[in-house]
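Since we're looking at a predicted model, the values are computed, not measured. FYI, the numbering just counts along the sequence from 1.
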Amino acid sequence: MVGVTALGVTYHCFGFVLNDVCDLEIDRTEPRRAGSPLVQGRIARSTALAFALANIPASFAVLWWLDASATAFLVLG
């Protein structure tokens with residue numbers, strides 16, 4: 001269960017942070033996103049992108065730790 005949860009967290013972090021990086025210019029015009037650290041500039045866009053991309057190898061590392069099948073690696077890829 002811990003491994004599956006870790007895989008979900010890494011996948012979630014990748015997807016949501018990458019979305020925030022890609023939509024940053026749009027989010028800056030949205031009042032509901034005004035409190036976001038990325039919109040406020042407290043977190044640099046490059047830092048957020050690096051964090052998002054770091055979750056890719058982390059996801060594969062979790063699969064390796066779970067001794068997952070080759071199919072699982074292909075699906076994740």
Side-chain angles (χ1 to χ4, degrees):
M1 239 12 216
V2 171
V4 173
T5 300
L7 185 62
V9 168
T10 58
Y11 190 80
H12 173 84
C13 288
F14 167 75
F16 278 82
V17 175
L18 184 63
N19 179 61
D20 284 350
V21 169
C22 292
D23 291 346
L24 183 57
E25 297 309 316
I26 295 168
D27 288 347
R28 286 184 173 148
T29 65
E30 175 57 50
R32 292 178 294 175
R33 299 288 296 164
S36 167
L38 196 56
V39 170
Q40 291 180 348
R42 289 188 285 142
I43 297 175
R45 186 180 203 154
S46 59
T47 302
L49 181 60
F51 174 77
L53 295 177
N55 281 283
I56 295 171
S59 295
F60 283 100
V62 171
L63 280 183
W64 177 80
W65 178 68
L66 289 172
D67 197 28
S69 69
T71 304
F73 281 92
L74 288 173
V75 169
L76 181 62

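Judged by distance alone, the side chain of T47 and the main-chain N or O of I43 form no donor-acceptor pair under 3.5 Å.
We find that D23 and R33 are not joined by a salt bridge, their nearest charged nitrogen and carboxylate oxygen being 4.0 Å or further apart.
Residues in residues 43-65 take part in these salt bridge (Lys or Arg N to Asp or Glu O under 4.0 Å) pairs, two or more places apart or across chains: E25-R45.
In this structure, I26 CD1 and L24 CG are separated by 9.5 Å, a value rounded to the nearest 0.5 Å. One distance of note links SG of C13 with CD1 of I56; it measures 12.5 Å at 0.5 Å rounding. Distance check, rounded to the nearest 0.5 Å: CG of N55 to CG of L18 gives 10.5 Å. Here CZ of F14 is found 11.5 Å from CZ of F51. Values are rounded to the nearest 0.5 Å. The CG atom of L49 sits 12.0 Å away from atom CG of D20, with the distance rounded to the nearest 0.5 Å.
By the rule that hydrophobic residues join a cluster once side-chain heavy atoms approach within less than 4.5 Å of another member, V2 and L76 end up as members of one cluster. Hydrophobic clustering, with ILVMFWY side chains joined whenever heavy atoms are under 4.5 angstrom apart, groups L66 together with F60. V62 and V9 are assigned to two separate hydrophobic clusters, defined by single-linkage of ILVMFWY side chains at heavy-atom distances under 4.5 Å.
The shortest distance between side-chain heavy atoms of L7 and S59 falls below 4.5 Å.
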Could you walk me through whether D27 and L38 pass the side-chain contact (heavy atoms from CB on, under 4.5 Å) test, one step at a time? CA-CA 9 Å; D27 288 347; L38 196 56; over 6 Å; no
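When all heavy atoms of V17 and A48 are compared, the closest pair comes out as CG1-O, 3.3 Å.
Remark: F16 CZ is loosely packed, at most 12 non-hydrogen atoms of other residues, nucleotides or ligands lying under 6.0 Å away.
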